[in-house]
Every structure is written in structure tokens, then in C-alpha cells.
Amino acid sequence: MKEATESLNFIEHIVEEDLAAGFPKEKLCFRFPPEPNGYLHIGHAASICLNFGLGEKYGAPVNLRFDDTNPAKEEQEYVDAIKRDIAWLGFKWANECYSSDYFQQLHDWAVQLIHQGKAYVDQQSSEQIAEQKGTPTSPGTNSPYRNRPVAENLDLFERMKKGEFAPGTYLLRAKIDMASPNMHMRDPILYRIIHAHHHRTGDSWCIYPMYDWAHGESDYLEQVSHSLCTLEFKAHRELYDWYLDQIIDPKKLRPKQREFARRNLSFTVMSKRKLLELVQKNVVSGWDDPRMPTISGLRRRGYTPASIRKFSDVAGISRRDNVTDVSLLEFCLREDLNQSATRVMAVLNPIKVVLQNYPEGQTEILHLENNPEKTDAGTHEVPFSRELYIEREDFKEEADSNFFRLTIGQEVRLKSAYIIKAESVIKDAAGNLLEIHCSYDPDSRSGSGTDASQRKVKSTIHWVSVAHAISAEVREYDRLFLDESPDTHESKSYMDFINPNSLKVIKTAFLEPHLGQARPNESYQFQRLGYFALDPDSKSGQLVFNKTVGLKDTWAKQNAAPTNKQAAPVKPVAPAPQEVKSALNEIQYIGKKLTNLSGDKLEDALNDIRKQAEGLSYEELEPLFATASKKVGTRIAVLVALSVLLAKGTPKTPAALEFIASCQSDESNTLREEASKVA
RNA sequence: UGACUGAUGGUGUAACUGGCAACACGUCUGAUUUUGGUUCAGAAGAGUCUAGGUUCGAGCCCUAGUCGGUCAACCA
């Protein structure tokens with residue numbers, strides 16, 4: 001049996017290489033460095049799972065570091081939410097760190113840089129500085145303050161720190177290279193003045209380090225071995241290394257920055273700024289709205305930590321841009337929930353069924369399996385009576401043979417109860433369906449063991465007893481955006497693609513009484529409908545359920561198929577050119593293998609080429625005359641195809657003649673023979 | 001017109017020093033099923049962006065090109 005060797009992602013390859021090159025395993029250290037300016041989302045989950053996964057795999061510590069260098073945007077609320085989310089995902093950080101813990105050290109190193117003539121205080125406006133920065137295609141120019149004497153820089157920086165200057169008036173900049181092709185190296189800003197209350201350091205600082213200055217040095221201080229970030233920081237790496245070079249003690253570990261592609265999900269946006277806009281413009285009810293791709297939103301929706309971790313695992317890590325289909329996330333969710341969710345019955349869109357031959361006033365207690373996937377999960381009680389609710393969609397007065405559910409004269413089983421047959425319907429004056437009158441088969445009770453109970457019927461539907469049902473609000477969610485990739489359009493904003501119908505509220509759904517004891521943070525499968533979880537808006541006696549995700553529904557898909565096809569963005573395929581293209585491709589492909597063939601197989605292959613050549617134009621073929629002389633097979637294929645065209649009356653162009661001539665003097669016998677035939 | 005970076009089925013990822021392009025989702029069949037769910041069995045779908053080159057052999061190496069992404073916040 002083949003060993004199930006897990007393939008490594010490229011980050012793991014890097015770690016393995018470092019280990020193989022002698023890097024001591026016990027020095028491996030990772031970190032997850034969020035800025036506490038918003039809530040974590042499913043994209044962060046990829047990074048969290050990557051870093052903490054690496055930690056688990058190599059038995060290495062993983063720090064949680066809050067990158068809190070901008071007090072204007074950061075809040076304690078976010079720190080708390082981030083910690084809650086990571087813990088909920090099931091990860092434990094080795095140390096809780098803050099960039100702000102290093103403010104003093106960072107400041108001292110900055111002073112050292114000034115002493116070394118590698119940093120200077122600038123006092124131009126942001127406009128002037130931006131202008132001098134140049135553009136990606138043209139170099140920048142030096143600031144007039146670039147060569148300010150060290151003593152003056154020291155004094156000015158000290159006064160910046162003391163709070164003598166207004167924000168925006170002075171800056172500390174690193175002196176690197178205003179002509180660097182890398183914009184980040186053009187004298188980047190080290191410190192700016194911000195008079196804002198910091199959630200941890202309070203008012204003790206009024207100068208704050210920029211990301212680049214703080215990040216690498218923080219990694220170094222924590223002795224992080226592999227500092228993993230997303231691709232957009234690739235260009236920062238040169239600066240990351242430059243800063244490290246200034247302060248590093250060669251005896252200590254030098255952190256390494258590596259970049260991976262951020263995870264994008266279809267039909268949503270994945271940036272804090274855009275998610276914040278959705279919150280601020282009340283498109284959603286908050287960061288934890290169940291439609292949000294935030295961890296807290298997913299949690300409230302009913303997602304499980306296991307499903308999110310599984311998703312991150314399955315989706316993997318790479319360096320190319322991606323848009324992962326939500327269906328993959330949903331698959332991971334259903335897979336988990338199918339194993340764990342208690343099965344219950346609930347009717348969202350009710351129609352009343354009256355069992356004409358069931359005694360009025362009688363109640364029976366039946367037993368419903370808690371989870372067919374787990375034999376030891378037991379059962380719970382569910383009351384049955386003469387009047388029931390079933391799903392409106394489960395009945396049709398007239399239906400074709402594809403409809404397995406209740407129709408007049410057709411039997412269905414009520415889940416865990418009896419087989420019933422629809423006899424007649426009651427309608428109001430306007431023709432609206434009010435009740436379905438049915439008969440039930442008293443001998444068919446589930447589990448009774450009678451012949452009648454073993455009878456096969458086409459379908460089993462769920463139900464709830466009218467007299468015993470409890471009512472609840474149910475919220476169903478659809479994708480937040482109508483476009484697969486809403487924030488990638490040049491002419492349109494993602495706000496233009498908001499789905500106006502992403503929330504559907506059912507004020508009164510009917511649930512079996514067992515759900516009166518429903519617990520928060522627990523998932524239930526409303527049989528045949530999907531997975532649901534209690535929303536925190538619930539009060540006792542006023543339950544609110546969120547639909548986490550529907551069950552896979554091949555019936556709905558089948559039904560929707562005709563309309564769907566019209567709505568679906570059908571790829572415009574021009575059949576004719578594609579045929580030609582595939583013919584050409586086919587010829588090239590057969591050609592590649594030609595030299596390995598002989599006898600009948602060779603003959604077959606040549607015939608295939610002749611057949612393909614029928615659908616080919618000379619213009620298509622001509623570029624292939626230039627095929628490298630070494631590629632004998634392709635040349636033969638082209639020659640054979642050409643002979644077909646010539647036979648059809650295509651004129652011999654100079655290019656064709658030249659090609660044939662070159663073939664006649666080729667090393668290959670086969671090619672020479674074919675060429676003579678054509679000539 | 002710069003620098004950096006990437007390109008493998010519809011989607012997301014694999015393929016150790018070049019050796020039969022693999023896995024998962026999705027799609028489609030069939031079987032099982034007291035959930036049109038689950039489970040099981042199977043199928044279709046890429047000749048690896050293009051063109052050249054090196055090689056017995058290229059997704060992988062070399063050359064040129066094409067297309068996409070990132071970079072000019074006192075954000076991170």
C-alpha cells in the first residue's frame with residue numbers, strides 16, 4: 001500500500017529546507033500579527049490556520065501580536081474580539097504581544113539610526129513629500145532636510161517626542177535611496193506625530209512608528225523565525241531586511257519574511273475597509289451579521305470551528321491570486337454538521353393537513369432519531385395528532401411523475417410516523433389552498449414492524465403537530481453580493497452588486513416542541529431543510545433561528561435548471577473557430593507522440609491527422625512550418641496535414657514549397673518519404 | 001514606459017534532484033436510503049498561457065513573448 005504522504009505547501013517546503021540546511025528546529029517560531037482595527041474574517045482564518053498549523057506541526061510557539069502602531073484606528077474592542085475569535089477557532093498562542101510593548105526599544109533604535117546618519121527629521125508637507133517621492137517609473141528627489149546635521153535631528157526628534165509639534169509638521173525618515181526602483185526604499189517614514197489616546201500606552205507617546213519600522217523589529221525582538229504575510233507586502237521585504245540589517249545582533253536569529261496569496265471567497269469581499277463600510281452603511285446589522293464573512297459572523301450563522309479549519313486546510317496556500325468558490329466552504333460545513341447536528345422537524349412555510357380518520361383530541365408520542373450518523377445518539381419524543389403542518393412545497397394537487405411528494409391519491413410517509421394519502425383539498429373563495437384532507441394508515445406506524453409499516457412509498461416528508469408546535473422566527477440568508485467577484489470591476493464598485501434579498505425573515509415558523517430546549521452554540525438539522533442554530537437575539541419564548549446552510553438539494557436544482565440556464569452567464573462560444581483550434585491542437589498533440597509510434601499505430605495516428613486536417617485552413621497551419629527542426633513528429637504531422645490541404649486544392653505557396661523542400665532533406669526517413677510523396 | 005510577482009480541468013491545490021499530470025470541491029450516471037440528505041460505485045472534464053530551445057524524455061531547465069496581480073497612505 002502506498003504511504004499517504006501529505007504534500008507540503010510552499011511555506012512548509014521553505015521550513016523543511018531551512019531545517020535541512022541546519023536551522024535548529026527548537027528555534028522555529030511563528031506569529032499572527034493582526035492590527036486591532038476591525039474584526040477577523042475568513043481570509044484571516046487562512047493566515048491563522050497557516051501559522052498556528054505550522055506551530056502545531058513543528059511543536060513551535062506561535063505568538064499573537066497586535067500590530068497597534070496607529071492609535072487613530074485601533075480599539076480595545078477589536079483586541080478582545082480578535083482574541084475571542086482565535087480562541088474559538090481552537091488555537092492557543094504562546095505569548096500575547098503588542099508592538100506597543102516595543103515602543104521604547106524602537107525609539108532607542110531610531111535614535112541610534114540618527115546618530116549613524118541614517119535617519120533625519122523632515123518638516124515638509126505631505127504634498128511636498130509625495131511629490132518628491134517620484135513615481136514607480138521615475139526616481140524621486142531628495143528632501144532639502146536630508147542632510148540636516150545629526151545634532152539638529154536629535155534635538156528635533158526629541159522635541160517631536162515631547163509633544164512640542166503639531167501633527168503633520170515633523171517626521172522622522174530613514175535615509176536610504178530616493179532613486180530606488182522600490183518605492184518603499186525612497187526614504188520611508190519611521191515616525192509620525194499622532195496626538196491620540198492609545199488603547200494601551202495611553203498618552204505616554206505622541207510619536208508612533210510606521211508599520212515597516214515596527215514589524216520586522218518586533219519579529220526580531222520576539223525571535224520569530226518565519227514571518228508570514230500576504231503578497232501585497234512583497235515589495236516591503238527589501239525594507240524589512242534593510243531595517244533588520246541596522247539593528248541585528250549576528251548571534252541572534254534573523255527573521256525571514258515570506259509572502260503568500262490572500263484567500264478570496266466568491267460572492268463576498270474580504271477587506272476590513274470594505275467590511276467596515278458595509279457595517280457603517282447599515283447594509284448589514286454589524287460585524288457579526290450572519291451574512292458577513294467575519295469569524296464572528298460565521299459563528300453567529302452557525303459555522304463550526306472545525307469547518308473553518310477544514311476549509312483552510314483543503315483550500316491550501318499558494319502564491320497566486322485566487323477566488324475560491326463558497327461551495328467548498330459549504331461542503332466543509334455540511335460535512336461537519338452532518339456528523340454532529342441533532343435532527344429535528346420544523347415547518348417554515350406551513351399548510352395544514354387534517355387526518356380525517358384520526359381520532360379527534362388524541363395525541364401520540366412518537367420517537368425521532370437524533371442522528372442517523374451516530375447509532376448511539378438516541379431518540380427524542382415528538383407528539384403526533386390529527387392536525388399537522390407540512391411544508392407547502394411538499395404538496396401539489398396535480399404533479400408529474402418526477403414529484404415524489406404528496407398529491408391527491410398519492411401516499412407519502414410522515415417521518416417517523418404514519419403513511420398518509422391526500423384525499424381532497426379545502427380552498428377559500430379566491431381559490432387559495434387552506435387545508436389538505438388526508439387519510440392515514442393506522443397500521444403503518446414507523447418502527448411498529450407491521451407489514452404496512454414496511455411498505456415502500458416514494459417519499460418521506462417532515463411535519464409538526466399543530467396543537468403542540470412552538471413558533472419561532474427563522475432567518476434565511478443568501479449571498480451578500482450578486483457578483484462572484486464584486487470588488488474586481490474597474491467601472492463598478494462592490495456596493496453596486498449588493499444583493500437586496502440577502503435576508504429573508506420568516507416571522508412564524510412551526511417547530512417541534514423539543515426545540516424549546518434548543519441551546520446556543522448548538523446546530524440542529526431541520527430535516528430536509530438544512531442546518532440551523534439559535535441566534536443570540538432569542539429570548540425565552542421568542543426563539544430566533546439562523547439558517548446556517550441548506551442541505552444539498554438535487555431536487556431543487558433539477559427544478560431550477562431550466563430557468564437557471566437562462567440566467568446563467570453562458571460563455572459565448574463560437575463553435576466554428578473552436579473546432580479549427582482543436583483540430584490544430586490535435587494535430588500538434590498527435591505529432592508530439594509520432595516518433596514513438598510504429599506500424600499500425602503510426603498509420604492510425606497519421607490517419608487521425610488526415611481526418612483532423614479536413615477541418616483546417618491553410619492559414620491555421622502555416623505558422624507551424626517554423627516548428628523546430630528537432631521536433632520531427634510535429635513536422636511530420638504538419639506535412640501530412642499540408643498534403644491533405646494541397647489535395648483539396650489549396651495553392652502551393654512559397655512558404656509551403658520551402659517547407660516541403662526542407663523536409664525532403666531532413667534526417668528523418670519518415671519525414672523524407674512523406675515529403676517526396678507531397679512533392 | 002519601471003520594479004517585483006504569478007500563470008496546471010469550472011474552482012482550489014499537488015506533482016521529491018526532468019520520467020504515465022494527482023487530490024478535493026463542483027458537475028453527470030447508477031445503487032442504497034423512513035431526509036430528493038448521508039453513504040457507496042462509476043463517468044466526464046486539463047496535454048500544464050504562447051512560440052522557440054536543451055534532452056531519449058519538459059508542467060518542471062534556458063530564451064523571447066502574452067496575459068493577470070502588486071507598488072507612488074504621515075494605513076497595516
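Because the structure is a prediction, the values reported are computed rather than measured. Chain A is the first sequence line, chain B the second, and so forth, proteins listed ahead of strands; every chain is numbered from 1. Values below: every heavy atom of this structure, side chains too, minus hydrogens, waters and symmetry copies.
We find that CG of D67(A) is positioned 11 Å from C1' of C75(B), with the value rounded to whole Å. Atom NZ of K73(A) and atom P of A73(B) are 13 Å apart (whole Å). Distance, R237(A) CZ to C71(B) C1': 15 Å, rounded to whole Å. U38(B) atom P lies 14 Å from atom CD of Q527(A), rounded to whole Å. Regarding L276(A), its CG atom lies at a distance of 13 Å from the C1' atom of C75(B), rounded to whole Å. For the pair E238(A) CD and C71(B) P, the computed distance is 16 Å after rounding to whole Å. Distance, R320(A) CZ to G12(B) C1': 8 Å, rounded to whole Å. Between the C1' atom of G12(B) and the CG atom of D321(A) lies a distance of 13 Å, rounded to the nearest Å.
Heavy atoms of N402(A) sit under 4.0 angstrom from at least one base atom. Residue contacts for P33(A): at a heavy-atom cut-off of 4.0 Å it reaches no nucleic acid atom on any strand shown. At a threshold of 4.0 angstrom between heavy atoms, the contacts of S138(A) with the nucleic acid are absent. Residue contacts shown for N37(A) are absent, as no nucleic acid heavy atom lies under 4.0 Å away. K272(A) comes within 4.0 angstrom of nothing in the nucleic acid, heavy atoms only. Backbone-only engagement by H13(A) is indicated by non-hydrogen atom pairs under 4.0 Å involving sugar-phosphate atoms exclusively. Within 4.0 Å of S318(A), counting heavy atoms only, lie sugar-phosphate atoms of the nucleic acid but no base atom. Within the 4.0 angstrom heavy-atom criterion, no nucleotide atom of any strand lies near E330(A). Within the 4.0 angstrom heavy-atom criterion, no nucleotide atom of any strand lies near V457(A). Contacts of Y208(A) with the nucleic acid, taken as non-hydrogen atoms under 4.0 Å apart, are absent. F260(A) comes within 4.0 angstrom of nothing in the nucleic acid, heavy atoms only. At the heavy-atom level, A315(A) lies under 4.0 Å from the strands shown only through sugar-phosphate atoms.
A side-chain contact (heavy atoms from CB on, under 4.5 Å) with R413(A) is found for one member of D441(A), I420(A), T460(A), I461(A) and no other, namely T460(A). Under the side-chain contact (heavy atoms from CB on, under 4.5 Å) test applied with C229(A), the options R262(A), E259(A), H236(A), R237(A) reduce to a single match, E259(A). Of the residues F395(A), F384(A), Y389(A), the one that meets the ring pair (Phe, Tyr, Trp, His ring centres under 6.0 Å) test with W463(A) is F384(A).
Ring geometry, F404(A) versus W555(A): the interplanar angle falls under 30°, so the pair is classed parallel (tilted spans 30 to 60°).
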Structure string for RNA chain B in dot-bracket form, Watson-Crick and G-U at under 3.5 Å, | interchain
.((((((..((((.....[..)))).(((((.......))))).....(((((..]....))))))))))).....
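A donor-acceptor pair shorter than 3.5 Å can be found between the side chains of N370(A) and H380(A). Looking only at atom types and distance, the side chain of N349(A) has a donor-acceptor partner in the side chain of E393(A) under 3.5 Å away.
Not a single donor-acceptor pair under 3.5 Å links the side chain of T169(A) to the backbone N or O of F165(A).
Distance from the side chain of N70(A) is smallest to C75(B) among G2(B), U8(B), C75(B). Proximity note for K234(A) (side chain, C-beta onward) versus U35(B), C4(B), A76(B): the nearest is C4(B). The nucleotide whose nearest atom lies closest to any side-chain atom of R528(A) is, among U34(B), A76(B), G36(B), G36(B). The T324(A) side chain lies nearest to G12(B) when the options are G36(B), G12(B), U35(B). You'll find that the side chain of M210(A) is closest to C75(B), out of G2(B), C75(B), G6(B).
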Check the interface with nucleotides 22-31 of chain B: list each N/O to N/O pair with the protein under 3.5 Å, or write none.
residue: U27(B); atom: OP1; partner: K557(A); partner atom: NZ; Å: 2.3

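By the criterion of a centre-to-centre distance under 5.5 Å and near-parallel planes under 30°, the ring of W555(A) forms a stack with the base of G36(B).
Proximity of residues 414-421 of chain A to RNA chain B (heavy atom under 4.0 angstrom from any strand atom) is restricted to K415(A), S416(A).
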